[in-house]
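Every number for a ligand or one of its atoms is a count from 1 in the order of the listing.
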Amino acid sequence: MRHILSIFDLTAAEIKEIFATTQVLKTKLKQGVREPILAGHVAALLFEKPSLRTRVSFETGMVQLGGGSLFLGEDVGWGQRECAADFARVISEYVDVVVCRAKSHATVVELAQYATCSVINGLTDTDHPCQALADLFTLQELHGPLAGKKVAFVGDANNVARSLAQACARLEVEFALAAPLGYQFENSFVKQLTAAAPQVKFTQTTDAAAAVRDAICVYTDVWASMGQEQEKSQRSKAFAPYQVNAALMQHAPANTSFLHCLPARRGEEVTDDVIDGATSAVVQQAGNRLHVQKGLLAWLLKG
Ligand code: CP
Ligand code: NVA
């Protein structure tokens with residue numbers, strides 16, 4: 001029984017196995033084949049924050065695999081009616097996996113500590129591992145084998161950036177972050193990242209043009225994440241020079257893909273012409289959340 005709370009809970013070989021299963025499941029679905037490999041299995045979705053992609057892709061994925069899902073709202077009393085340990089032990093008696101989106105990463109760690117079924121992180125303040133798996137799967141579809149290639153993230157060193165950097169480290173993909181000072185990765189995270197993959201190039205800079213040079217992908221996310229709404233005006237000022245627009249994309253190769261985890265704040269971190277442009281892959285990327293999470297569920301629950 002395994003918990004997937006961060007990308008570093010998976011080895012490179014395991015990520016590749018998940019991608020291989022994902023590819024099979026995606027191809028079969030396109031052919032109209034939906035094998036019930038998780039028949040009778042149930043996922044509970046415990047969400048403390050809003051979601052479109054994560055919720056719908058997990059619920060749909062479970063149904064396509066022959067299982068089912070339960071979306072748990074406030075009435076189950078998570079964090080209110082009983083202690084986390086009792087909640088975790090009891091829900092594990094009913095379901096095969098809990099997907100949890102929590103305000104604080106400590107919450108999913110506590111849930112996993114007591115759960116006797118698998119826990120998957122569906123986003124916390126520090127991590128978004130399912131997103132990063134879909135991101136690299138998408139880039140592999142678009143650009144072939146990824147080792148030695150370069151991904152540029154222009155924007156806040158947030159949950160999405162951290163998981164993406166970890167996934168790049170695992171798959172030996174160079175990672176460059178461009179962000180204003182004060183919004184780059186913390187030293188402790190950089191140490192963990194570079195210790196995990198000392199052979200993989202990692203840079204963080206204030207120079208967005210330098211970061212995107214030679215990159216196969218320019219990635220961005222909102223400047224103020226869920227829970228940071230009160231910092232919005234201060235962040236808008238700090239990140240204004242880091243907007244992903246046509247002028248910045250000029251510094252990247254012509255076939256560089258644009259990725260964004262979505263939801264996007266169009267006109268802020270990205271302009272319409274870039275997100276709707278010929279090299280934007282945001283819809284394919286969002287679609288791959290479904291396929292990769294099916295790969296992850298099949299791998300986790302069936303081996
Ligand atoms: N990218 C992502 O996780 O989207 P949702 O917040 O809609 O789930
Ligand atoms: N960084 C964003 C990602 C949303 C999918 C947030 O945490 O709000």
Side-chain angles (χ1 to χ4, degrees), residues 4-7 43-62 69 71-73 98-108 120-139 151 153-167 177-180 183-186 189 217-232 234-236 238-239 242-244 257-266 268-270 275 280-297:
I4 308 301
L5 306 187
S6 114
I7 283 289
L45 273 67
L46 186 59
F47 278 37
E48 296 179 350
K49 290 178 174 183
S51 169
L52 169 65
R53 282 144 287 269
T54 308
R55 175 185 179 172
V56 178
S57 55
F58 267 110
E59 295 212 49
T60 302
M62 282 304 290
S69 70
F71 188 80
L72 304 182
V98 180
V99 181
C100 181
R101 170 167 288 198
K103 290 177 186 159
S104 161
H105 192 76
T107 301
V108 294
I120 297 176
N121 178 353
L123 180 148
T124 60
D125 53 342
T126 59
D127 292 76
H128 200 0
C130 299
Q131 181 68 53
L133 291 175
D135 298 340
L136 287 198
F137 183 81
T138 305
L139 288 175
V151 164
F153 188 100
V154 179
D156 188 25
N158 62 16
N159 44 9
V160 170
R162 287 165 58 105
S163 287
L164 186 65
Q166 290 182 333
L177 172 84
Y183 296 97
Q184 299 185 352
F185 292 123
E186 288 168 10
F189 179 78
C217 159
V218 175
Y219 198 125
T220 192
D221 184 16
V222 291
W223 294 334
S225 286
M226 291 182 274
Q228 296 176 327
E229 291 78 9
Q230 73 293 347
E231 296 174 33
K232 196 170 181 302
Q234 165 198 336
R235 284 171 168 271
S236 293
F239 282 103
Y242 294 85
Q243 183 185 64
V244 178
S257 300
F258 172 74
L259 294 187
H260 191 307
C261 57
L262 303 178
R265 295 237 171 221
R266 287 165 173 256
E268 294 185 20
E269 75 273 7
V270 60
I275 196 169
S280 173
V282 297
V283 176
Q284 179 180 342
Q285 177 190 9
N288 278 334
R289 295 291 305 278
L290 169 70
H291 307 297
V292 167
Q293 287 159 199
K294 283 169 70 181
L296 174 64
L297 289 164

Among all protein heavy atoms, pick out the one at the shortest distance from atom 8 (O) of ligand 2; state its residue, atom name and that distance to 0.1 Å. Met226 N, 2.8 Å
Sub-3.5 Å N/O-N/O distance, His128 and ligand 2: no
Tell me the protein heavy atom at minimum distance from atom 7 (O) of ligand 2, and give that distance in Å. Asn159 ND2, 2.8 Å
Other residues, nucleotides and ligands only: do more than 12 of their heavy atoms fall within 6.0 Å of CZ on Arg266? yes
Is there a donor in the side chain of Thr220 and an acceptor in the side chain of Glu269, or the other way round, less than 3.5 Å apart? no
Protein contact to atom 4 (C) of ligand 2 [nearest heavy atom, distance to 0.1 Å]: Leu123 CD1, 3.8 Å
Indicate yes or no: does an N/O atom of Lys49 lie under 3.5 Å from an N/O atom of ligand 2? no
Counting distance only, does the side-chain N/O of Gln234 pair as donor-acceptor with the main-chain N or O of Glu231 below 3.5 Å? no
Can you sort out which atoms of ligand 2 are near Leu262, meaning under 4.0 Å from one of its heavy atoms? 5 (C)
Are any side-chain N or O atoms of Asn121 and backbone N or O atoms of Ser6, one a donor and one an acceptor, separated by less than 3.5 Å? no
Classify the ring geometry between Phe239 and Trp223 as parallel (under 30°), tilted (30 to 60°) or perpendicular (over 60°). parallel
Run the contact test for Asp156 against ligand 2 with a 4.0 Å cut-off on heavy atoms, strictly below, and give the result. no
Looking at Glu186, I'd like to know if its CD atom is crowded, meaning that more than 12 non-hydrogen atoms belonging to other residues, nucleotides or ligands lie closer than 6.0 Å. no
For Phe47, does the six-membered ring have the charged nitrogen or CZ of Arg55 within the cation-pi criterion, i.e. under 6.0 angstrom from the centroid and within 45° of the normal? no
Suppose I only count heavy atoms of Asn158 and a 4.0 Å limit; which atoms of ligand 2 are within that range? 1 (N)
Short N or O separations between ligand 1 and the protein, below 3.5 Å:
{"unit_1": "ligand 1", "atom_1": "1 (N)", "unit_2": "Gln131", "atom_2": "OE1", "d": "3.0"}
{"unit_1": "ligand 1", "atom_1": "1 (N)", "unit_2": "Cys261", "atom_2": "O", "d": "2.9"}
{"unit_1": "ligand 1", "atom_1": "1 (N)", "unit_2": "Leu262", "atom_2": "O", "d": "2.9"}
{"unit_1": "ligand 1", "atom_1": "1 (N)", "unit_2": "Arg289", "atom_2": "NH1", "d": "3.4"}
{"unit_1": "ligand 1", "atom_1": "3 (O)", "unit_2": "Thr54", "atom_2": "OG1", "d": "3.0"}
{"unit_1": "ligand 1", "atom_1": "3 (O)", "unit_2": "Arg101", "atom_2": "NH2", "d": "3.1"}
{"unit_1": "ligand 1", "atom_1": "3 (O)", "unit_2": "His128", "atom_2": "NE2", "d": "2.8"}
{"unit_1": "ligand 1", "atom_1": "3 (O)", "unit_2": "Arg289", "atom_2": "NH1", "d": "3.1"}
{"unit_1": "ligand 1", "atom_1": "4 (O)", "unit_2": "Arg53", "atom_2": "NE", "d": "2.8"}
{"unit_1": "ligand 1", "atom_1": "4 (O)", "unit_2": "Leu262", "atom_2": "O", "d": "3.4"}
{"unit_1": "ligand 1", "atom_1": "6 (O)", "unit_2": "Arg101", "atom_2": "NH1", "d": "2.8"}
{"unit_1": "ligand 1", "atom_1": "6 (O)", "unit_2": "Arg101", "atom_2": "NH2", "d": "3.4"}
{"unit_1": "ligand 1", "atom_1": "7 (O)", "unit_2": "Leu52", "atom_2": "N", "d": "2.7"}
{"unit_1": "ligand 1", "atom_1": "7 (O)", "unit_2": "Arg53", "atom_2": "N", "d": "2.9"}
{"unit_1": "ligand 1", "atom_1": "7 (O)", "unit_2": "Arg53", "atom_2": "NE", "d": "3.2"}
{"unit_1": "ligand 1", "atom_1": "7 (O)", "unit_2": "Arg53", "atom_2": "NH2", "d": "3.0"}
{"unit_1": "ligand 1", "atom_1": "8 (O)", "unit_2": "Ser51", "atom_2": "OG", "d": "2.6"}
{"unit_1": "ligand 1", "atom_1": "8 (O)", "unit_2": "Arg53", "atom_2": "N", "d": "3.4"}
{"unit_1": "ligand 1", "atom_1": "8 (O)", "unit_2": "Thr54", "atom_2": "N", "d": "2.8"}
{"unit_1": "ligand 1", "atom_1": "8 (O)", "unit_2": "Thr54", "atom_2": "OG1", "d": "2.7"}
{"unit_1": "ligand 1", "atom_1": "8 (O)", "unit_2": "Arg101", "atom_2": "NH2", "d": "3.1"}

Check Thr54 against ligand 2 and report side chain, backbone, both or neither, counting heavy atoms closer than 4.0 Å. neither
Check: Asn158 side chain, Ala161 main-chain N or O, donor-acceptor pair, under 3.5 Å: yes
Is the ring pair Phe189/Phe185 parallel, tilted or perpendicular, if the boundaries are 30 and 60 degrees? tilted
To the nearest 0.5 Å, what is the distance between CZ on Arg53 and CG on Leu262? 5.0 Å
Does Gln131 use its side chain to pair, donor to acceptor, with the backbone of Val160 at less than 3.5 Å? no
Where does Asp125 meet ligand 2, judged by heavy-atom distances below 4.0 Å: at the side chain, the backbone, both, or neither? neither
Could you find the nearest protein heavy atom to atom 3 (C) of ligand 2 and give me its residue, atom name and distance? Asp221 OD2, 3.6 Å
